[in-house]
Amino acid sequence: MAKKKAPMEISVEMDKKIWHTYVVNIGEEFMINTTWVVQDEEHLSFCIAEIREIYGKKNNLVVGLCADTGHGYGRGFCNYKGMANDAPFQLLQLCVGSHCLLYNLDDVNYSRRSFTGTKHKVLKGFLYDKYTTVVGVRIKEVAQKLERETGVIIKNPVELRKLAEAEKSLKGYNLSGSKLAELAKLVLGEHMHFVKPKKTTWWSDKYDEYGDPLLSNDVIMYATVEVFLAYEIGSKLLRCSYR
């Protein structure tokens with residue numbers, strides 16, 4: 001009987017000098033720079049400009065995208081009382097190459113500072129850019145929900161499962177209901193075996209310089225891995241489709 005392959009090792013370390021900045025190590029191969037942006041338009045603008053500078057301002061930019069909510073996590077979204085599937089997005093995950101942005105969408109649970117009325121102008125400009133191709137699983141549903149809740153429109157969404165179905169080496173697989181972790185193993189290889197724990201905590205018991213709670217290391221780590229895998233799968237399949 002074949003031995004089950006162990007999940008890839010993942011670790012996270014917070015930058016001790018720069019708040020909300022982390023390094024996430026995925027296996028022995030990848031080191032991802034993750035920044036958690038708490039509804040600060042100026043900070044987000046700086047991060048996106050940096051990504052554009054590194055990966056090309058006028059090149060077609062592939063962006064991995066996922067979204068999550070604290071509902072269902074330990075110490076998570078405590079004000080929402082409705083159905084789990086309808087819980088509003090709190091965290092938008094974006095990845096380009098080895099750079100990941102975790103953008104806090106929640107203006108209710110987070111902070112003594114007031115973010116009410118945030119227009120997400122920078123995010124809207126980035127995701128509606130004609131040079132931005134956004135890849136993800138169930139990306140159409142995610143895009144529709146994101147637009148309803150924030151007004152942010154994804155101009156060029158691409159479904160990873162459809163990209164995988166069009167790949168010759170994956171002919172014969174039924175991928176219509178595949179999850180991100182399953183696609184990662186098929187497209188990127190068995191070594192990208194990713195298992196997200198069923199029980200994790202949303203907020204940390206640590207606080208930033210403003211006295212506000214930090215996201216837990218688990219959320220930072222697994223949110224980074226998820227969106228990095230989306231980016232890697234999308235990049236590889238798009239390259240194959242252009243051949």
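Everything numeric in this text was worked out from a predicted model, so none of it was measured.
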The reported gap from CD1 in I48 to NE2 in H99 (rounded to nearest 0.5 angstrom) is 13.0 Å
Give me the atom names and distance for the closest heavy-atom approach of L146 to F89. N-CE1, 4.1 Å
Is any side-chain heavy atom of T35 closer than 4.5 Å to one of V37? yes
Is it true that the NZ or CZ of K196 lies under 6.0 Å from the centre of Y222's six-membered ring and within 45 degrees of the ring axis? no
Is there side-chain contact between K185 and F194, with at least one heavy-atom pair below 4.5 Å? no
Tell me whether L101 shares a hydrophobic cluster with I54, the cluster being built from Ile, Leu, Val, Met, Phe, Trp, Tyr side chains joined at under 4.5 Å. yes
Expected output: side-chain Q93 to main-chain L65 donor-acceptor under 3.5 Å: no
Taking it one step at a time, do V134 and V158 satisfy side chain to side chain contact (heavy atoms under 4.5 Å, CB included)? CA-CA 6 Å; V134 179; V158 176; over 6 Å; no
Does the S216 side chain pair with the main chain of T201, one donor and one acceptor, at a distance under 3.5 Å? yes
Atom CG of L186 and atom CG of L175: how far apart are they, to the nearest 0.5 Å? 6.5 Å
A quick test of your reading: do over 12 heavy atoms of other residues, nucleotides or ligands sit less than 6.0 Å from CD of E13? no
Spell out, as yes or no, whether a donor-acceptor pair under 3.5 Å connects the side chain of E159 to the backbone of I139. yes
Is the shortest heavy-atom distance from the side chain of L105 to the side chain of L91 under 4.5 Å? no
Joint cluster assignment, Y22 & W19, ILVMFWY side-chain distance < 4.5 Å: yes
pair L238-V62: side-chain heavy atoms closer than 4.5 Å: yes
I would like to know whether H20 and V38 meet side chain to side chain contact (heavy atoms under 4.5 Å, CB included); could you show each step before the answer? CA-CA 9 Å; H20 298 181; V38 188; 3.3 Å; yes
Distance-minimising heavy-atom pair for I18 and T21: CG2-OG1, 3.3 Å
Is there a path of hydrophobic side-chain contacts, each under 4.5 Å between heavy atoms of I/L/V/M/F/W/Y residues, joining V23 to I10? no
Can you give me the closest heavy-atom contact between Y55 and V96, atom names plus distance? OH-O, 3.4 Å
Heavy-atom side-chain contact between L160 and L180 under 4.5 Å: yes
Between L237 and A164 the two heavy atoms that sit nearest each other are CD1-N, 3.6 Å
No-hydrogen, no-angle side-chain donor-acceptor test under 3.5 Å, Y73 and D68: yes
Kindly assign one of parallel, tilted or perpendicular to the pair W36 and W203, based on the angle between their ring planes and the thresholds 30° and 60°. tilted
With side chains defined as the heavy atoms from C-beta onward, is the minimum distance between E167 and K236 less than 4.5 Å? no
Are side-chain N/O atoms of T34 and T224 paired as donor and acceptor at under 3.5 Å? yes
With no hydrogens and no angle check, just 3.5 Å: does a side-chain donor-acceptor pair link S176 and N174? yes
Point-to-point distance, once rounded to the nearest 0.5 Å, from CG of L94 to OG1 of T132: 10.0 Å
Tell me whether E226 contacts the main-chain N or O of C66 through its side chain, where contact means a donor paired with an acceptor under 3.5 Å. no
Does one hydrophobic cluster hold both L123 and F46, with members joined at side-chain heavy-atom distances below 4.5 Å? no
Partner of D129 under side-chain hydrogen bond (donor to acceptor under 3.5 Å, both in side chains), picked from K155, K124, R52, is R52
Measuring from E29:CD to M192:CE, what's the distance to the nearest 0.5 Å? 6.5 Å
Is the shortest distance from a Lys or Arg side-chain nitrogen in E41 or K121 to a carboxylate oxygen in the other one below 4.0 Å? no
Between K206 and D212, is the closest basic N to carboxylate O distance under 4.0 Å? no
What I want to check is whether the side chains of T133 and N156 have a donor and an acceptor closer together than 3.5 Å. no
In terms of heavy-atom contacts, S178 and V137 come closest through O-CG1, 4.0 Å
Evaluate C100 against V227 for side chain to side chain contact (heavy atoms under 4.5 Å, CB included), listing each step before the verdict. CA-CA 8 Å; C100 177; V227 74; 3.5 Å; yes
Can you see which heavy atom on T69 is nearest to which on A87, and at what distance? OG1-CB, 3.8 Å
Using the rule given for side chain to side chain contact (heavy atoms under 4.5 Å, CB included), can you reason through I26 versus V24, listing the C-alpha separation, both sets of side-chain angles and the distance that settles it, and then say yes or no? CA-CA 6 Å; I26 304 174; V24 177; 4.2 Å; yes
Would you check if L102 and L92 make a side-chain contact, meaning some heavy-atom pair closer than 4.5 Å? no
Taking the side chain as every heavy atom from C-beta outward, state whether L229 and L188 have any pair of such atoms under 4.5 Å apart. yes
